[in-house]
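Start at 1 with the first residue, then count along the sequence.
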Amino acid sequence: MLCFSAAALAATLSVSALQTPTEPPLNTHPVIASAERAAGLRLDDLFPRKPFFGRGASGTEWSKNGRYLAFAWAPYGTKGGSDLYVYDAQERKLRRLTSPEIMGRHDRNVAKAMERYRKDQEEEDRLQTGTDLAYREWRLKKQEEDEKRKEPLPTYPSVSDIEWSPKGDELLFNWGGDVFRLDLSEGIARRLTRTKESETGVRWLPDGDGYTFQRTGGVFRVRFATSAIEQLNPELPTGVGYTGYRLSPDGTKLMVTGYKGGGPGRQVDYLTYRDRFATAKKTDRGVADDEFKGESYVFLYDLTQDSLDEVKGEGKPWEVWKWPGGKEWQQISVSREPWSPDSKRLVFGTWKRNAREQEIVVADVEAKKLKTIYKGKPEGEHTTPGMADPFFTRDGQKVIALLDASGYRHAWLINPATEGAEPITRGDFETYPLKQSKDGRFLFVTSQKEDTARMDIYRVEMATGRMERITKQDGFYADPAMTEDGTRFAAKFSNWSNPNDLVVLDGTREDRVVESHRPGAFDKINTLKPKLFTYQNRLGQNVRGFMFLPPNWKKTDKRPLMIYVYGGPLGTGKSVQEGAFNTTAYLFNMYLAKVFGYVTVTIDPRGQSGYGNVFGKANYEQPGKAQVEDLTDGVKHLVANYGVDPQKVAINGWSFGGFQTQMCLYTAPDVFTLGIAGAGPTEWQNYNTWYSTGVIGPVPTGKPEDLDKYSLTNLAKNLRSPLMLLHGVEDTNVLFQDTVKVYRKLLQYGRGPLVELAIDPTGGHGMGGDMDTRDRHAIYLAFINKWWGPYQSGQSASR
């Protein structure tokens with residue numbers, strides 16, 4: 001970390017070469033140390049050397065009979081990859097089916113990897129109680145060894161691509177780039193491929209008599225009864241490379257996606273400081289005034305014309321969609337199961353962003369005809385049409401898709417015969433379709449119906465739209481997987497008392513299947529729980545947040561306020577989500593409330609995802625403006641109801657949140673009186689063209705000044721309160737130059753004494769180079785302590 005202020009250097013310096021093992025950490029300011037002792041919580045308690053959270057389960061997949069759930073998982077503290085586990089929902093027992101001992105016979109490097117992991121663990125265990133200096137020197141040594149290493153270290157791979165047979169309790173999975181087959185009754189993994197090139201995308205054939213897989217350049221079919229391997233994808237037009245596939249239910253049709261490069265695009269320079277002198281490196285950077293390079297395709301192909309014995313017909317694929325690149329962003333949306341039950345038709349969605357034209361299209365493979373069954377002009381977040389993921393109903397007569405035509409993302413039913421569409425679900429909340437029941441009477445969905453901070457699983461009656469909640473606990477259910485008959489579900493569940501872990505819902509039961517986190521460790525520091533709150537902005541719209549109120553808080557207090565904000569679109573993500581333990585929004589805000597006595601909040605203003613079209617499109621041609629309004633209204637609400645000092649209102653954010661933090665300080669300086677802004681885009685004309693032209697505003701090719709009018713460099717002169725800027729020098733997402741440019745403006749307008757600049761010389765967009773997460777928050781804390789310090793009852797508004 002480099003700090004460009006003498007005062008900041010003194011306040012934030014964390015480790016010195018002169019520090020001895022007996023010295024206390026240099027960043028423990030006496031005021032901070034006293035407040036921590038009184039509260040019984042240290043900043044270091046939030047960032048232990050041995051982390052709170054482990055890896056969760058992934059790749060959950062139910063057997064066709066609905067009894068067994070397979071997934072990849074590694075218990076807490078496991079080094080190396082995740083193994084294959086199967087949970088028997090009937091017996092409620094968990095079984096591990098792969099391990100280094102079992103899989104080691106397939107890879108001679110596994111034994112070496114496990115020995116390496118053992119030594120690393122011994123060293124880490126030894127350092128758990130060592131000094132801060134010793135721990136840092138060990139990390140630096142490991143980092144230096146990694147940078148100098150010429151050959152990769154031996155590793156233990158993870159299981160992936162888990163899929164059950166359509167006709168029995170048998171699995172296919174990928175491990176180490178090869179395909180394995182496992183009969184559950186035997187419990188023995190049998191290797192099916194052994195190649196230097198990796199096989200991916202492993203899928204059973206519909207009849208269960210073989211499988212398909214991807215390898216560079218194509219998709220291949222293998223039948224167990226023969227030794228033959230068939231490449232299924234046809235020859236594509238010159239220059240078009242294969243990228244993906246979907247096989248029809250009867251195995252006779254193939255959808256293939258392809259891509260053709262459009263030549264070299266723009267590259268920009270950035271500097272690294274890892275060697276004796278600075279080195280300029282290049283990174284790809286299509287910006288607002290650049291056209292989109294390359295061409296994307298979708299083809300359909302009839303596999304019945306090819307066999308091992310003979311080939312028939314022309315052997316040419318049918319092109320059903322093409323994006324030629326150029327000025328307008330276009331994309332396609334294809335679900336995991338896009339084929340009709342009879343394998344004769346395929347459904348997909350298309351999106352032309354500039355024209356705001358969305359279509360749902362059905363391709364008739366036998367007639368070679370395309371029919372547009374739905375047309376719309378979405379008015380919400382620009383990523384929503386890409387989530388349409390249309391699929392046929394069980395009877396093949398209609399199509400279900402996610403659309404935002406009602407103002408919120410909902411499940412819609414489209415009739416190809418009439419080209420009419422009607423919502424299946426309705427309301428001022430968002431709903432995401434999963435799958436129909438086997439009899440077609442119900443649709444299973446995830447939805448925020450009861451609370452926008454939560455996500456539940458519902459069964460929806462197709463005829464009436466009536467929604468019945470299936471999940472039992474209040475919290476967030478993510479990545480659900482359901483059995484074919486819809487009687488059992490698996491999902492990752494979390495709330496603010498339970499970190500994310502895998503649960504199984506079976507009728508009235510809900511069981512936690514694994515424990516992925518360090519037992520009891522997080523509970524020891526998670527003693528101050530947040531509460532959700534809602535207020536209305538100046539337009540009468542509801543804005544959501546969660547807050548930590550400090551111990552002994554009273555409504556009549558005048559306490560400093562810290563706001564965490566992101567403010568930009570995240571697809572389906574948001575900041576106000578129950579069970580999300582963000583290091584700043586949750587952990588650091590909890591610390592500030594408990595130790596410094598601040599009221600701390602996280603707010604999702606307009607501009608965030610998950611709250612309907614009005615919020616999702618709020619940035620377009622006015623980036624950050626609606627957020628400033630909503631956050632200002634939020635401050636008024638908190639001052640009136642939660643004992644907040646209106647002269648001590650701080651705001652903190654990263655990436656778009658770093659932009660938003662600065663936007664608040666520059667455009668509402670009477671409201672926001674301290675800011676911490678990390679890696680924020682400050683010149684939108686230099687950010688990537690997909691995002692800037694979809695979120696910020698339209699740009700005629702060759703006119704970057706059309707986006708420059710939204711840049712923070714035009715507003716920086718308005719700063720009147722302390723601001724800390726942070727950035728990773730090697731950030732290739734939001735370039736470090738964005739912070740340099742706005743810092744220059746701040747200096748030019750005499751704002752230098754108010755500004756501190758902290759950089760990570762080897763950090764990327766999320767940092768993670770020379771400045772770790774703990775030290776970044778220590779720097780935040782020193783900055784806050786320098787200007788405000790802990791809350792003291794009756795203290796004056798200025799310090």
Side-chain angles (χ1 to χ4, degrees), residues 11 29-41 43 527-538 543-565 576 584-603 605 628-653 661 664-665 667-677 719-724 754 777 780-799:
H29 190 284
V31 171
I32 298 174
S34 176
E36 289 184 338
R37 284 194 297 272
L41 179 68
L43 185 72
T527 55
L528 186 64
K529 302 293 175 62
K531 73 170 189 174
L532 295 164
F533 69 98
T534 303
Y535 65 92
Q536 287 195 333
N537 64 13
R538 62 195 65 188
V543 180
R544 297 304 308 278
F546 69 84
M547 68 169 62
F548 290 97
L549 292 175
N552 303 315
W553 167 88
K554 299 188 299 294
K555 188 176 180 178
T556 55
D557 292 338
K558 293 292 183 183
R559 294 177 180 265
L561 170 67
M562 172 60 79
I563 301 169
Y564 178 84
V565 67
V576 181
T584 306
Y586 192 95
L587 294 179
F588 189 63
N589 268 7
M590 177 183 69
Y591 171 94
L592 287 178
K594 190 168 184 179
V595 177
F596 266 41
Y598 290 13
V599 174
T600 62
V601 301
T602 295
I603 294 175
V628 174
E629 293 176 352
D630 286 359
L631 293 167
T632 297
D633 295 343
V635 171
K636 293 177 181 177
H637 172 77
L638 294 164
V639 168
N641 296 282
Y642 290 98
V644 165
D645 184 346
Q647 296 186 51
K648 287 190 174 181
V649 176
I651 186 165
N652 180 3
T661 294
C664 286
L665 265 73
T667 63
D670 293 330
V671 178
F672 303 96
T673 56
L674 184 144
I676 300 173
L719 181 71
R720 288 171 21 196
S721 297
L723 171 64
M724 169 166 277
L754 292 173
H777 287 84
Y780 292 176
L781 186 61
F783 178 71
I784 295 167
N785 185 61
K786 170 188 170 181
W787 287 98
W788 290 354
Y791 166 74
Q792 296 177 10
S793 179
Q795 69 181 11
S796 62
S798 61
R799 183 188 178 196

Presence of salt bridge, Arg720 and Asp670, under 4.0 angstrom: yes
Verdict with reasoning, Val601 to Met562, per side-chain contact (heavy atoms from CB on, under 4.5 Å): CA-CA 6 Å; Val601 301; Met562 172 60 79; over 6 Å; no
Thr600 side-chain N/O to Ala593 backbone N/O, donor-acceptor pair under 3.5 Å: no
Heavy-atom pair with the smallest gap, counting every atom of Pro550 and Gly597: CG-O, 3.5 Å
Working for side-chain contact (heavy atoms from CB on, under 4.5 Å), residues Tyr598 and Arg559: CA-CA 6 Å; Tyr598 290 13; Arg559 294 177 180 265; 5.9 Å; no
Trace of the side-chain contact (heavy atoms from CB on, under 4.5 Å) decision for Leu754 with Leu723: CA-CA 6 Å; Leu754 292 173; Leu723 171 64; 5.9 Å; no
Donor + acceptor pair across side chains of Ser793, Lys558 (<3.5 Å): no
Residue pair Val599 / Pro560, side-chain heavy-atom distance below 4.5 Å: no
Audit row: Ile676, Ile784, side-chain contact (heavy atoms from CB on, under 4.5 Å) steps and yes/no: CA-CA 9 Å; Ile676 300 173; Ile784 295 167; 4.0 Å; yes
Check: Glu36 and Leu41 side chains under 4.5 Å, non-hydrogen atoms: no
Contact check, side chains of Leu674 and Ile651, non-hydrogen atoms, under 4.5 Å: no
Side-chain donor/acceptor of Arg538 to backbone N/O of Asp630, under 3.5 Å: no
Test log, rule side-chain hydrogen bond (donor to acceptor under 3.5 Å, both in side chains), inputs Asn537 and Asp633: CA-CA 6 Å; Asn537 64 13; Asp633 295 343; 5.5 Å; no
Partner residues of Thr534 under the side-chain contact (heavy atoms from CB on, under 4.5 Å) criterion, sequence neighbours left out: Asn542, Arg544
OH-OH distance between Tyr535 and Tyr642, expressed to the nearest 0.5 angstrom: 12.0 Å
Polar side-chain atom of Asn589 near backbone of Tyr586 as donor-acceptor pair, under 3.5 Å: no
Side chain to side chain, Phe783 and Pro722, heavy atoms closer than 4.5 Å: yes
Check: Gln647 main-chain N/O paired with Asp645 side-chain donor or acceptor under 3.5 Å: yes
Heavy-atom pair of closest approach, residues Gly545 and Val576: CA-CG2, 3.7 Å
Within-4.5 Å side-chain heavy-atom neighbours: Leu719 and Pro669: no
Side-chain donor/acceptor of Thr632 to backbone N/O of Val628, under 3.5 Å: yes
Residues which pass ring pair (Phe, Tyr, Trp, His ring centres under 6.0 Å) with Phe546, listed by chain and number, not counting sequence neighbours: Trp496
Inter-residue atom distance Thr661.OG1 - Ile563.CD1, 0.5 Å rounding: 9.5 Å
Candidate list Thr667, Leu561, Leu631, test side chain to side chain contact (heavy atoms under 4.5 Å, CB included), partner Phe672, passing option: Leu631
Parallel, tilted or perpendicular: rings of His637 and Phe533 (30°, 60°): parallel
Heavy-atom side-chain proximity of Leu592 to Phe548 below 4.5 angstrom: no
4.5 Å side-chain heavy-atom contact, Asn785 and Phe596: yes
Beyond-backbone contact of Met547 with Leu638, side-chain heavy atoms, under 4.5 angstrom: yes
Parallel, tilted or perpendicular: rings of Phe588 and Tyr591 (30°, 60°): parallel
Over all atoms of both residues, closest heavy-atom pair of Val649 and Val671: CB-O, 3.3 Å
